Amino acid sequence: MNILILGSGGREHALAWAVLQNPKCDKLIVAPGNGGIETIAQCAAINAEDTGAVLDLCAEEAIDFVIIGPEAPLAAGVADALRDAGILTFGPSKAAAELEASKSFTKAICDASNAPTAAYARFTEAGPAKDYIRARGAPIVVKADGLAAGKGVIVAMDQETALAAIDDMFGGAFGGAGADVVIEEFLDGEEASFFVLSDGTSVLPIGTAQDHKRAYDGDEGPNTGGMGAYSPAPVMTDAIIRKTMEEIIEPSMAEMAKRGAPFQGVLFAGLMIKDGQPKLIEYNVRFGDPECQCLMLRLGAQALDLMLATAEGRLAEMAVNWADDHAMTVVMAAKGYPGPYEKGTEINGLSAIAETSHEMCFHAGTTRRDGKLLATGGRVLALTARGDSLQEARDRAYAMVEQVDWPEGFNRTDIGWRALSD
Ligand code: AMP
Ligand code: GLY
């Protein structure tokens, strides 16, 4: 079958790698792709949010199945347009993608289905928002309602920071996303990422992971898209997974179906776990990046079968064939990220990395020019390894990092510290 993956990050490189392990894949195109993806698949230079261009590409290349990686094309309705055109597609409709695109929508789904989440209030004006913060006190969490590329959340440990965040958001610091603000109770505990597939009727858990959001070692510095991850997450015990499914995921999916917006694709629940109780921080309607890199290395070829069954509404007949293994990914980012950073710096040393079924250098933001590999993004490489233990996965991932010759890059040296120190 001919498959198209939309996106250009480390997540999409990992998806492409997993899809290629499966003999069902005859031809793979990734649009737009990146400097790593182009070494394993054909890349097409189109904008993944441009519905017309995506449909044209599907027609030209006789595409049978489309996998949508990032949230932006989903929120733009690309999955709807593809399905309307009769093309099998993995990814939620625009209506179901509201679970990520609008924080207040997710809160309403939680309310309607009684799912445990942080108490919250929604504001459209600065004055009442500030009164609420003064009445509640800190710590408190201020969120722009809408897609803000992971930057619309301020976890304020003191009242002044929270009040300043209100001024920023209503002052337009986050563009249109700040016109509505959600203020939330601060949740204490251990964070985990939980991934399930849903075909609109059935739900199948496919893995757990822990991300590292802060830029620097010791969980210091600004929030990023994620500097490294590992899977599975020890905090997600069988009992907590069951509770999460029964109290959060299944009721939310049932509520979406009831509203006429059944969710089809991968649902990524960001959870906070304390004293054996999971609470929902947020939903995303796509794989996490870099969590996906760990999940794909662990799932391998079956990832395509699972995504196909999701798109075809056959999830009830599927099971995940788990190996008793661990994976870790270490992100290398351009110095300065998540703030301003230099683009176009040269990366060397990757040819020394043996890419195997347990060690992969996924590219997140690279391009090739005149025979050179250049960094184009904030997050640039995701060195991902698998092992019988987390320690083994970690040692392999950091051995790959050692091979990379890129003076303008940096990485955290403590990915997995929480699980490895237990
Ligand atoms: P989000 O973009 O919603 O994932 O938020 C980014 C990060 O902010 C999360 O991964 C959490 O670390 C933190 N966060 C979000 N909401 C809360 C909350 N209610 N309590 C504590 N931390 C939070
Ligand atoms: N790694 C977190 C995310 O993809 O949102």
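Bear in mind the structure is a predicted one, so any value in this text is a computation, not a measurement. Numbering of ligands and ligand atoms starts at 1, following listing order.
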Chemist: If the plane angle is over 60° it's perpendicular, under 30° parallel, otherwise tilted; pick one for Phe195 and Phe268.
Modeler: tilted
Chemist: Within a distance under 4.0 Å of any heavy atom of Gly225, pick out the atoms of ligand 2 and give their elements.
Modeler: 1 (N), 2 (C)
Chemist: Is there a side chain to side chain contact (heavy atoms under 4.5 Å, CB included) between Val203 and Leu197? Walk through the geometry before answering.
Modeler: CA-CA 6 Å; Val203 186; Leu197 296 177; over 6 Å; no
Chemist: For atom 12 (O) of ligand 1, which of Lys103, Lys279, Glu191 has the closest heavy atom?
Modeler: Glu191
Chemist: Set out, in order, the CA-CA distance, both residues' side-chain angles and the distance that settles side-chain hydrogen bond (donor to acceptor under 3.5 Å, both in side chains) for Lys107 and Thr117, then state yes or no.
Modeler: CA-CA 8 Å; Lys107 286 297 191 186; Thr117 183; 2.8 Å; yes
Chemist: Which of the atoms in ligand 2, numbered in the order shown and given with their element, are less than 4.0 Å from a heavy-atom of Arg286?
Modeler: 3 (C), 4 (O), 5 (O)
Chemist: Test of understanding: given a 4.0 Å heavy-atom threshold, classify the contact between Glu71 and ligand 2 as side chain, backbone, both, or neither.
Modeler: neither
Chemist: Heavy atom to atom 7 (C) of ligand 1, shortest distance: which of Val153, Ile183, Asp188 holds it?
Modeler: Val153
Chemist: Any idea which part of Ile281 is under 4.0 Å from ligand 1, heavy-atom wise: side chain, backbone, both or neither?
Modeler: side chain
Chemist: Quick one: look at Lys143 and ligand 1, take heavy-atom pairs under 4.0 Å, and tell me if it's side chain, backbone, both or neither.
Modeler: side chain
Chemist: Below 4.0 angstrom, N of the basic side chain to O of the carboxylate: do Asp180 and Arg122 qualify?
Modeler: yes
Chemist: Pick from Leu88, Ile3, Ile67: which one makes a side chain to side chain contact (heavy atoms under 4.5 Å, CB included) with Met307?
Modeler: Ile67
Chemist: Check each atom of ligand 2 against the heavy atoms of Glu291 and keep those under 4.0 Å away; list them by number with element.
Modeler: 1 (N), 2 (C)
Chemist: Show your reasoning for whether salt bridge (charged side-chain N to carboxylate O under 4.0 Å, His left out) applies to Arg242 and Glu246.
Modeler: CA-CA 6 Å; Arg242 212 172 311 120; Glu246 284 168 11; 5.6 Å; no
Chemist: I need the atoms of ligand 1 closer than 4.0 Å to a non-hydrogen atom of Lys213, numbered in the order shown.
Modeler: 4 (O), 10 (O)
Chemist: Which atoms of ligand 2 have any heavy atom of Gly288 under 4.0 Å away?
Modeler: 4 (O)
Chemist: Do the ring planes of Phe90 and Phe287 sit parallel (below 30°), tilted (30 to 60°) or perpendicular (above 60°)?
Modeler: parallel
Chemist: Work out whether the distance between some heavy atom of Gly270 and some atom of ligand 2 is less than 4.0 Å.
Modeler: no
Chemist: Does Asp219 come within less than 4.0 Å of Arg412, counting only side-chain N to carboxylate O?
Modeler: yes
Chemist: Would you call Arg286 and Glu71 a salt bridge, taking side-chain N to carboxylate O under 4.0 Å as the test?
Modeler: yes
Chemist: Has ligand 1 got any nitrogen or oxygen that is less than 3.5 angstrom from a nitrogen or oxygen of Asn223?
Modeler: no
Chemist: Give the atoms of ligand 2, by number and element, whose distance to some non-hydrogen atom of Asp211 is under 4.0 Å.
Modeler: 1 (N), 2 (C)
